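Comments concern the structure below.
Not measured: the values here are computed from a predicted model. Computed from heavy atoms alone, side chains included, the values below leave out hydrogens, waters and symmetry copies.
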Amino acid sequence: QLDIETLVSGRRRPIVLGQVGVRCRHCSHIQPKSRKKGNSYYPSRLESIYQAAQNICSSHLCDSCQHVDQWARSRLLEYQTTKTRKGYGGKNYWAQAAQVLGIVQTENHGLRYTIENETAVDEESGEVNKQDV
């Protein structure tokens, strides 16, 4: 709820309650207005989850977050300079992993969490509703 009220400027689409996002785990405990820029992303497509995580890592975690310990920051910086082998990770991997976890892409309300046969997302309202099982 706090993210909905705080993260409004610069967004093409508003964040809606229940929308799945990616957030820095190191500063998530402090008030949203006190967090450094780039701490949270709410991608609207499954394929955008990878880029959201990359953005948090390269800008927020490696540069501005004051709550990341030095050991973790140095490891992240080291990983950024190391060439990775093609075929590991990438946007398709992250999108498929999100689907396995029950994240679905909706037409008008971004990414939502659903559990197959138990929860459904109403495309009109964006509401997450329990189905009768």
Note: S59 and Y41 closest approach over all heavy atoms is OG-OH, 4.4 Å
Using the side-chain contact (heavy atoms from CB on, under 4.5 Å) criterion, which residues pair with L76? Sequence neighbours excluded. C57, L61, C62
Could you work out, with side-chain contact (heavy atoms from CB on, under 4.5 Å) as the rule, every residue matching S64, not counting sequence neighbours? K36, H60
Out of curiosity, S44 OG to Q105 CD, how far, rounded to the nearest 0.5 Å? 7.0 Å
Contacts of type side-chain contact (heavy atoms from CB on, under 4.5 Å), residue V22, not counting sequence neighbours: I49, A52, I56
Got a sec, which residues hit side chain to side chain donor-acceptor pair (under 3.5 Å) with Q51, two or more places apart in sequence or on another chain? N55
Between Y42 and V20, the two heavy atoms sitting closest are CD2-O, 3.7 Å
Among residues two or more places apart or on two chains, list those pairs meeting side chain to side chain donor-acceptor pair (under 3.5 Å) that have a residue in residues 66-76. R75-Y79
Nearest 0.5 Å, please: how far is CD1 in I103 from CD in Q19? 11.0 Å
Quick one: pull up NE2 in H109 and CG in L17 and give me the separation to the nearest 0.5 Å. 12.0 Å
Minimum heavy-atom separation for L46 and A98, please, with both atom names. CD2-CB, 3.9 Å
Point-to-point distance, once rounded to the nearest 0.5 Å, from CD of Q54 to OG of S48: 12.5 Å
Within residues 40-65 or reaching into it, pairs that qualify as salt bridge (Lys or Arg N to Asp or Glu O under 4.0 Å) - sequence neighbours excluded: R45-E47
Closest contact, heavy atoms only, S40 versus R35: OG-NH1, 4.0 Å
Salt bridge (Lys or Arg N to Asp or Glu O under 4.0 Å) pairs touching residues 94-106, sequence neighbours excluded, are none
